[in-house]
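Beneath this line is the structure, given in structure tokens, with notes to follow.
In what follows, residues are counted from 1 in the order of the sequence shown. Side chains included, hydrogens not; waters and symmetry mates left out as well; all remaining heavy atoms used. We count ligands from 1, going down the list as the structure has it; atoms in each ligand are counted the same way.
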Amino acid sequence: MSDPTPLIQAVTCDLAGKVRGKGFPADQLEKRLTRGVGWVPTNIQITCFDGIGDSPFGSIGDLLLRPDPEAEVKLSLPNGQSEHWMLGNIVTLEGEPWPLCMRQMLRDALARLERLTGCHLNAAFEHEFQLKGPSQDNAGFGRAAFEAKRPFLEALTGALKGAGIAPDSIMKEYGPNQYEVVITPDIGIRAADAAVILREVTRSVASACGEEATFVPIQDIASVGNGVHIHFSFVDGDGAFKTYDPQGPAGMSQITDAFAAGVLKYLPAIVALTAPSHISYQRLTPHRWSAAYNNLGHQDREASLRICPVTGDAPDKIAKQFNLEYRAADAAACPHLALAAIVHAGAQGIEDGFTSPAPTTDDLSELSADALASRGFERLPETLEAALERFGNDPTVAGWFPDGFVPLYRAHKAAEIDHVKDMTVEEACAAYAETY
Ligand code: GLU
Ligand code: MG
């Protein structure tokens, strides 16, 4: 028998938030870094259920997926298997960025923010997921439930470190078999790359430990969902933190205040990108500690945008920690696209000189729609269809994305909705738990 040839996969996290790609013999790496592997425009319409949404490209066209050594993952798994893959950039045959490449869309959004503020975005995606199988009773934050999965949790922490991600903490979350990983923030597109890597590494390590991990937005509507909370702050070219101002509203600097205001204004239109599955809207309901209104909260886990706690009282120490958290996201979203939408919304707020409403302190679910509106708030869309309407009908939002992106996205999601339209909520949750 001849020896196996080591392979590397060039991969992309696509519109469906799925990671797809092509492999090549590892000894071709140098060539592939410039030439890439062949890629097809219509691949962008492959849904999370492997259907294909209407595609303007049909069978026509060729692209290249070029692996990026900055986003390389080499794993040695507990079962003895190994993995080697790299996230890549999708480019044209001439080597120009393909406008619909989601890493490129995020780069464009970050460049807009940098032009406006001179600041880089520093961000971290905090993930919740569940292990499938029987769960222990009363195990919310439970010590025993943590110990029961210690080998997996330690293997996962090591694998993340090996992939260049710095774990901050890992815990047994409140829900049945639910765990959470918190990682330290990264600058620019690396934050979104890290989110993709974290999900894939978690799934691979779980499977190597005989477990199955799902990042499904909600597995059981009688219980809590699996959120993705996107923490962000601003850092200038000299590495100084620009998010905090002790004199600013709720401690926010002018940049933060205007950015947050933009995110809140456009939240009902961008939630179609950040919480993009049919069942995401079962999670985005009041009293689930997710996000149901376009409100700012101070340390409030029901707010869509939360000003996070800091410790200590020295202003420079506070400035380093001060960050906001976008809670209306889940792991059905491509992290690059979700972050691009948030950054554009915030940049729009800065460009238009918006200021944020005061953080809410009451339970907005007790207010009528009129009372909410009089305070400048609204209930977020309650279905994916309603979210897509809001997204599709906002010319400002459409202007943030490449030509043709809005109809493309709507056609993609129409195919996904078609797949689940005759399912009960339970069946749909189960279908999404299989794919995410
Ligand atoms: N599971 C909640 C969510 O769906 C978040 C709970 C928390 O960590 O605050 O976002
Ligand atoms: Mg949590």
Side-chain angles (χ1 to χ4, degrees), residues 17 123-131 135 138-143 145-146 149 153 156-157 160 167-185 195 198-199 202 213-232 263 267 270-271 273-309 323-333 335 338-339 342 359-360 363-365 379-382 384 387 425 428-429 432-433 436:
F125 288 61
E126 172 187 315
H127 282 86
E128 294 169 338
F129 63 91
Q130 282 166 296
L131 296 175
S135 78
N138 304 321
F141 303 97
R143 192 195 64 77
F146 183 98
K149 302 298 176 190
L153 297 171
L156 173 57
T157 305
L160 290 173
D168 171 273
S169 50
I170 189 158
M171 72 180 95
K172 171 68 191 67
E173 246 288 5
Y174 173 72
N177 272 348
Q178 189 181 39
Y179 293 81
E180 173 175 316
V181 186
V182 180
I183 59 176
T184 57
L198 184 147
R199 294 175 194 174
T202 303
T214 176
F215 288 82
V216 65
I218 189 158
Q219 192 169 36
D220 172 5
I221 59 163
S223 183
V224 293
N226 292 305
V228 171
H229 303 161
I230 306 175
H231 292 260
F232 59 87
V263 171
L267 224 161
I270 63 169
V271 75
L273 303 176
T274 63
S277 76
H278 170 71
I279 56 164
S280 295
Y281 296 84
Q282 300 288 341
R283 170 179 165 257
L284 298 181
T285 47
H287 307 143
R288 239 186 250 283
W289 290 27
S290 59
Y293 303 89
N294 59 340
N295 64 319
L296 180 69
H298 192 236
Q299 303 179 11
D300 176 1
R301 290 179 177 78
E302 282 274 300
S304 291
L305 206 53
R306 180 172 85 110
I307 302 171
C308 294
N323 72 90
L324 265 55
E325 176 190 47
Y326 179 96
R327 297 174 68 86
D330 63 46
L339 195 56
I342 294 167
T360 51
D363 181 354
L364 299 188
S365 72
R379 176 75 173 88
L380 296 181
E382 294 184 49
L384 176 57
V425 168
C429 288
Y432 278 105
Y436 290 119

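- In terms of polar-atom proximity, Gly225 is counted as a contact of ligand 1, with an N or O under 3.5 Å from an N or O of the ligand.
- In Glu173, the N, O or S atom that comes nearest to the Mg ion (ligand 2) is OE2.
- Interatomic distance, CD1 of Ile270 versus CG of Asn294, reported as 10.5 Å (0.5 Å rounding).
- Contact detail for Cys429 and Gln219: the closest heavy-atom pair is CB-O, 3.5 Å.
- Tyr281 places a side-chain heavy atom less than 4.5 Å from the side chain of Leu384.
- Listed by number with element, the atoms of ligand 1 under 4.0 angstrom from any heavy atom of Trp289 are 2 (C), 3 (C), 5 (C), 6 (C), 9 (O), 10 (O).
- Residue Arg327 places at least one N or O, backbone or side chain, under 3.5 Å from an N or O of ligand 1.
- Panel note: side chain Arg283, backbone Ala329; a donor-acceptor pair is recorded below 3.5 Å.
- Below 30°, between 30° and 60°, or above 60°: for Tyr432 and His278 the angle between ring planes is below 30°, a parallel geometry.
- Nearest N/O/S atom of Glu128 with respect to the Mg ion (ligand 2) is recorded as OE2.
- For Lys172 and Phe141, the positive end is not near the middle of the six-membered ring at less than 6.0 Å and at most 45° from its axis.
- The residue from Glu302, Arg288, Arg301, Glu173 that puts a heavy atom closest to atom 8 (O) of ligand 1 is Glu173.
- When every heavy atom of Tyr179 is checked against every heavy atom of Ala145, the shortest pair comes out as OH-O, 2.9 Å.
- With respect to atom 4 (O) of ligand 1, the closest heavy atom belonging to the protein is Arg283 NE, 2.7 Å.
- When the N, O or S atoms of Glu180 are ranked by distance to the Mg ion (ligand 2), OE1 comes first.
- Residue Glu126 does not count as close to the Mg ion (ligand 2), with no N, O or S atom under 2.8 Å.
- Expressed to the nearest 0.5 Å, how far OG1 of Thr274 lies from CG of Asp330 amounts to 7.5 Å.
- Taking atom 1 (N) of ligand 1 as the reference point, the nearest protein heavy-atom neighbour is Glu128 OE1, 2.7 Å.
- Annotation for ligand 1: atoms under 4.0 Å from non-hydrogen atoms of His229 are 3 (C), 5 (C), 7 (C), 8 (O), 10 (O).
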